[in-house]
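Worksheet: one structure, shown below.
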Amino acid sequence: MATGAALRALGRKITPSSSSRIFASSFTPRSISTLVLAEHEGSSLKIQSLSAVKAAKSLSKDNSISLLLAGSGPGLHEAAAQAASCDPSVSQVLVAESDEFSYPLAEPWAKLVRLVQQKGGYSHVMATSGSFGKNIMPRAAALLDVSPITDVTGISEPHVFVRPIYAGNALCTVRYTGAGPCLLTIRATSFPVSPITSDSKSSDASISQVDLSIFGEDSIGKSRYVKHTAQDLGRPDLGSARVVITGGRALKSAENFKMIEKLAEKLGAAVGATRAAVDAGYVPNDLQVGQTGKIVAPELYMAFGVSGAIQHLAGMRDSKVIVAVNKDADAPIFQVADYGLVGDIFDVLPELLEKLPERK
């Protein structure tokens, strides 16, 4: 009798404690705050940073979002003013002004992230999954002793995320269980944003200076800025363009690749290239589309002489409409294309350039 009573009492104790464990595993902290690393070029905030803000908003309705900008010169303050009014969800803009941040080197930026995160106690730190975020976030995660979650394409809960694996052929759901802050890089194309218009009404967030007095003199580390090269051809940015025209190794030379550039000018499109075309020296590597290049998701993606290797498909398979031209009818690119033309690009491209009207 006593044994039976003890078992029944123990059973009554087990039930609520089990429920408590289930509740604790799905418990969401009330205080969710996010630090977004914002990119700016000159005096303008990059649109990719707005995608990071949109992703931060999906973490929680009560999320307190702060933007961190760093650099030097008057352009930094103009970019900060733009960031303060870019979205009503942004509550604060933090500005770190120093010559050490004139260029986005990983060492000083990573130490800045650690300094700001530890001072502000942010639960999440977020950046876009471009060259900027990929350069800084792993080092910042190491300094904070946490594991970053990269290339996030979806947010289910504050600590549950979706990211692609196997070159985008599968999606996995990841739950962050670390004790420290959650560091994320997000795929900007998965969180599209509308451009800010002059009619947009948004209250300005407060702008504060980051105290760099304890930053340290050895913050630069072992890397140094050498030079920066960019092509200013008046074309849309590859990462955010509505139309992208991409050429592959089948163009055979840099001279022939100019046909892709001329077609892009007529359509008001950005120019992309496969890794093989970049490795062959046809175009600079900042035009590479793919798993090891830029991830794009334009409304129209046109591929000329692109076979459709897995690493390239990982960078453009989310495009709304895909048009492929290749003389090989069995090319893998046709498996993902909405429209395909089997033909020689040296016949198709000149005819397109001849018949398409000049862009006004």
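Only one option out of Pro181, Cys182, Ser33 pairs with Tyr122 in a side-chain contact (heavy atoms from CB on, under 4.5 Å); it is Ser33.
The backbone N or O of Leu94 sits nowhere less than 3.5 Å from a side-chain atom of Ser208 that would complete a donor-acceptor pair. Although no hydrogens or angles enter the test, the distance criterion places no donor-acceptor pair under 3.5 Å between the side chain of Asn326 and the main chain of Val342. Under the 3.5 Å distance criterion, the side-chain polar atoms of Lys327 are left unmatched by any main-chain donor or acceptor of Ile345. A donor-acceptor distance shorter than 3.5 angstrom exists from the side chain of His40 to the backbone of Ala70, with no hydrogens or angles considered. No donor-acceptor pair under 3.5 Å is formed between the side chain of Thr189 and the backbone N or O of Ala297. Under a 3.5 Å cut-off, the side chain of Lys46 and the backbone N or O of Glu41 do not form any donor-acceptor pair. Under a 3.5 Å cut-off, the side chain of Ser51 and the backbone N or O of Phe191 do form a donor-acceptor pair. Within the 3.5 Å criterion, the main-chain N or O of Ala314 finds no donor-acceptor partner in the side chain of His312. The backbone N or O of Thr128 lies less than 3.5 Å from no partner atom in the side chain of Gln48, so there is not a single donor-acceptor pair. A donor-acceptor distance shorter than 3.5 angstrom exists from the side chain of Arg163 to the backbone of Thr150, with no hydrogens or angles considered.
Phe304 CZ to Leu263 CG: the interatomic distance, rounded to the nearest 0.5 Å, is 5.0 Å. Rounding to the nearest 0.5 Å gives a distance of 9.0 Å between SG of Cys172 and OH of Tyr166. In this structure, CG in Leu69 is found 6.0 Å from CG in Leu45, a value given to the nearest 0.5 Å. Taken from OG1 in Thr246 to OH in Tyr301, the straight-line distance is 3.0 Å, to the nearest 0.5 Å. Going from atom CG of Asp279 over to atom CG of Asn285 covers 9.0 Å, rounded to the nearest 0.5 Å.
Under the 30°/60° scheme for interplanar angles, the aromatic rings of Trp109 and Phe132 are found to stand perpendicular. Note on ring orientation: taking the six-membered ring where Trp is involved, the planes of Phe257 and Tyr282 are tilted (angle from 30° to 60°).
Of all heavy-atom pairs between Leu68 and Val210, the closest is CD1-CG2, 4.2 Å. Minimum heavy-atom separation, Gln288 to Thr274: CG-C, 4.4 Å. Taking both residues in full, the closest heavy atoms of Leu212 and Ser98 are given as CD1-CB, 3.9 Å, listed atom of the first, atom of the second, then distance. Across every non-hydrogen atom of Val289 and Gly315, the tightest pair is CG1-O, 3.8 Å. Taking every heavy atom of both residues into account, Ala140 and Leu183 meet most closely at C-CD2, 4.0 Å. Here the shortest heavy-atom pairing between Leu184 and Val152 reads CD2-CG2, 4.2 Å.
Side-chain contact of Gln82 with Ser44: a donor-acceptor pair under 3.5 Å is absent, judged by distance alone.
Atom CD1 of Ile165 has more than 12 neighbouring heavy atoms from other residues, nucleotides or ligands inside a 6.0 Å radius. Counting heavy atoms of neighbouring residues, nucleotides and ligands inside a 6.0 Å radius, atom CZ of Arg275 does not exceed 12 of them. Heavy atoms of other residues, nucleotides or ligands lying less than 6.0 angstrom from NZ of Lys320 number more than 12.
Leu59 is not listed as a side-chain neighbour of Glu157, based on a closest heavy-atom distance of 4.5 Å or more. Using a 4.5 Å heavy-atom cutoff, the side chains of Val296 and Leu238 are in contact. His159 places none of its side-chain heavy atoms less than 4.5 Å from the side chain of Thr177.
Ion pairing of Asp87 with Lys57 is present here, as a side-chain N (NZ or NE/NH1/NH2) and a carboxylate O approach within less than 4.0 Å. Glu107 has no carboxylate O lying under 4.0 Å from a charged side-chain N of Lys111, or vice versa, which leaves the two without a salt bridge. A salt bridge links Asp151 and Arg187; the closest N-O separation between the charged side-chain nitrogens and carboxylate oxygens is under 4.0 Å.
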